[in-house]
Undergrad: 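Dumping the structure here so I can ask a few things about it.
As the structure lists them, so they are numbered: ligands from 1, and atoms in each ligand from 1.
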Amino acid sequence: MNLAIFASGNGSNFSAIVKAIRQSRIKAKLVILVCDRPRAFVVKRAKKEKVRVVLVRREDFVSRADFEMAIIQRLRSYKIDLIALAGFMRMLSPSFVRRYRKRILNIHPSLLPAFKGSHAIKDAIDHKASFTGVTVHFVDEQMDHGPVILQERIKIRSNDTLSLLEKRIHALEHRMYPRVIELFCSGRIKYPKRPGI
Ligand code: GRF
């Protein structure tokens, strides 16, 4: 199974997946990192791990369709079977999602459908929620949406700060995402026939 990770930022999930592959906890080949931000820390991580980086900047293309076509060409040439979004800060178009339907995973730091969007951890604190969590799901045409594969819950403590909660959420993500990727790679999870959410 040939895997591509899409990321735009720090890349701690990228590193957790790389580690799981190196330790044979995931039986897949990480073929490329697709990144839209050349200065993102994840690019440094990939270089250190000798993972090929495909840099595609949206600004270099006239339209989103052209931008995505450039990515699709690379995915095809590297024979990618599975895409794991790990902090990729761009919404994929419906036509991209249809092309890779059932083969795109995402991780999100909340119990979806609660707290969608890019400030999910802060939003949970601001809403004085008593718990939040992490969701790994298949990607469909909507943002932070699609059939849920795995969710785990985390209690928000009364003295929690954003950075304390972020730390616990990320630690949980680093356990969950490699596990789900391995379940997919070993054929133990499939996109549901009639997706609920
Ligand atoms: C994670 O919290 C993930 O759930 C979200 O983006 C963040 C990426 O973190 N989609 P990192 O770049 O993997 O450290």
Undergrad: Give, for atom CZ of Phe138 and atom CG of Leu105, the distance between the pair rounded to the nearest 0.5 Å.
TA: 6.0 Å

Undergrad: For the 3.5 Å polar cut-off, considering only N or O atoms, please tell me whether Ile107 and ligand 1 meet it.
TA: yes

Undergrad: To the nearest 0.5 Å, what is the distance between NZ (Lys128) and OG (Ser158)?
TA: 11.5 Å

Undergrad: Report the distance from atom CD1 of Ile17 to atom CD of Glu49, rounding to the nearest 0.5 Å.
TA: 12.0 Å

Undergrad: Honestly, is Arg90 close enough over Phe67, meaning NZ or CZ under 6.0 Å from the six-membered ring centre and within 45° of the axis?
TA: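 Ring-cation test returns yes.
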
Undergrad: Charged N to carboxylate O under 4.0 angstrom, Asp140 versus Arg101?
TA: no

Undergrad: Please name all residues satisfying ring-ring contact (aromatic ring centres under 6.0 Å, His included) with Tyr78, sequence neighbours left out, ordered by chain then number.
TA: none

Undergrad: Would you say Gly11 has any N or O atom under 3.5 Å from an N or O of ligand 1, going by distance alone?
TA: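 It does: an N or O of Gly11 is found under 3.5 Å from an N or O of ligand 1.
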
Undergrad: Using a 4.0 Å cut-off to any heavy atom of Glu173, which atoms of ligand 1 qualify?
TA: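 By the 4.0 Å cutoff, the relevant atoms are 1 (C), 2 (O), 3 (C), 4 (O).
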
Undergrad: For His108, counting its heavy atoms only, list the atoms of ligand 1 lying under 4.0 Å from any of them.
TA: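 Matching atoms, with element in brackets: 4 (O).
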
Undergrad: Which ligand 1 atoms, with their elements, are less than 4.0 angstrom from a heavy-atom of His170?
TA: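 So the answer, numbered in order with elements, is 2 (O).
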
Undergrad: Under 4.0 Å from any heavy atom of Asn10, which atoms of ligand 1 are there?
TA: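 Near Asn10, meaning under 4.0 Å from one of its heavy atoms, ligand 1 has 12 (O), 14 (O).
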
Undergrad: Check this for me - ligand 1, Asn106, N or O atoms closer than 3.5 angstrom, yes or no?
TA: no

Undergrad: Just going by heavy-atom distances, which of Ala16, Ser12, Gly87 is nearest to atom 11 (P) of ligand 1?
TA: Ser12

Undergrad: Nearest to atom 9 (O) of ligand 1, what protein heavy atom do you find, and at what distance?
TA: Asn13 ND2, 3.7 Å

Undergrad: Kindly determine whether Glu68 and Arg58 satisfy salt bridge (charged side-chain N to carboxylate O under 4.0 Å, His left out), including the steps that lead there.
TA: CA-CA 9 Å; Glu68 289 190 346; Arg58 172 67 184 82; over 6 Å; no

Undergrad: Taking the cut-offs as 6.0 angstrom to the six-membered ring centre and 45 degrees off its axis, would you call Arg153 and Phe131 a cation-pi pair?
TA: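 Cation-pi check for Arg153 and Phe131: passes.
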
Undergrad: Quick one: does Glu166 get a heavy atom under 4.0 Å from ligand 1?
TA: no

Undergrad: Yes or no: does Pro109 have any heavy atom under 4.0 Å from an atom of ligand 1?
TA: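 Pro109 counts as a contact of ligand 1 under the 4.0 Å cut-off.
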
